[in-house]
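To keep things clear, I will list the structure first and then write my remarks on it.
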Amino acid sequence: MLQLNYRDPRPIYEQIKDGIRALLVSGALARDERLPSVRELAVQLAINPNTIQRAYRELESEGYIYSVPGKGSFAGGSGDIHSARRAELLKQFDDAVKELKYLGVSGSMLRARITEGEKSDD
């Protein structure tokens, strides 16, 4: 299911978040499918359960998963996932645009990049 890369400079909980997010977005985890418990995943990955708990908590706050007390954590609906991811990516995009504008990139150059990206999707 998930694999950790100890040479990756990102924290372990971020790698777990990215791995679960990828499984959800790709459809490998179906809507309402139960995720492994914190303890199960901690044993499987041989890491501290607090690390898993942090990843689950953040994924829940982002709308990717939801928790049912006494039952566990479950995959969120695709609508929830897509809207959460869209909001996150748009924020990153806005931040990148602001920085690029500060570095002297013109609005027309940014529009051209977006148009170029749209053409590559076809």
Discussion item. Can you confirm whether Ile16 sits close enough to Leu45 that some side-chain heavy atom of one is under 4.5 Å from a side-chain heavy atom of the other?
Written reply: yes
Worksheet item: Side chain of Gln15, backbone of Arg10: donor and acceptor closer than 3.5 Å?
Response: yes
Discussion item. Applying a strict under-4.5 Å side-chain criterion to I, L, V, M, F, W and Y, I'd like to know whether Ile20 and Leu4 cluster together.
Written reply: yes
Worksheet item: How far does NZ of Lys71 sit from OG of Ser37, to the nearest 0.5 angstrom?
Response: 14.5 Å
Worksheet item: At what distance, to the nearest 0.5 angstrom, does CZ of Arg111 lie from CZ of Arg113?
Response: 14.5 Å
Discussion item. For Lys17, is there any backbone N or O sitting under 3.5 Å from a side-chain donor or acceptor partner on Glu58?
Written reply: no
Worksheet item: Is any side-chain heavy atom of Arg54 closer than 4.5 Å to a side-chain heavy atom of Thr51?
Response: no
Discussion item. Test of understanding: clusters of I, L, V, M, F, W, Y form through side-chain heavy atoms closer than 4.5 Å, transitively. Do Tyr13 and Leu59 belong to the same one?
Written reply: no
Worksheet, complete the sentence: Rounded to the nearest 0.5 Å, the CZ atom of Arg21 sits from the CG atom of Leu29 at a distance of 13.5 Å
Fill in: Over all atoms of both residues, closest heavy-atom pair of Tyr64 and Leu24
O-CD1, 3.5 Å
Worksheet entry | Atom pair CD1/CD1 of Ile47 and Ile52 - distance to nearest 0.5 Å | 3.5 Å
Worksheet entry | Within one Ile-Leu-Val-Met-Phe-Trp-Tyr cluster: Tyr6 and Leu41, side-chain cutoff 4.5 Å | yes
Worksheet item: Shortest non-hydrogen contact from Tyr56 to Ser73?
Response: CD2-OG, 3.6 Å
Worksheet entry | Check: Pro49 and Arg39 side chains under 4.5 Å, non-hydrogen atoms | no
Worksheet item: Which atom pair, heavy atoms only, marks the closest approach of Ala75 to Ala30?
Response: CB-O, 3.2 Å
Worksheet item: Between Asp32 and Phe74, which heavy-atom pair has the shortest distance, and what is it?
Response: O-CD2, 3.4 Å
Worksheet item: Do Leu2 and Leu23 have side-chain heavy atoms sitting under 4.5 Å apart?
Response: yes
Worksheet item: By side-chain contact (heavy atoms from CB on, under 4.5 Å), which residues pair with Asn50, not counting sequence neighbours?
Response: Asn48
Expected list for residues 89-103: side-chain donor-acceptor pairs under 3.5 angstrom, two or more places apart:
unit_1 : atom_1 : unit_2 : atom_2 : d
Lys91  : NZ     : Asp95  : OD2    : 3.0

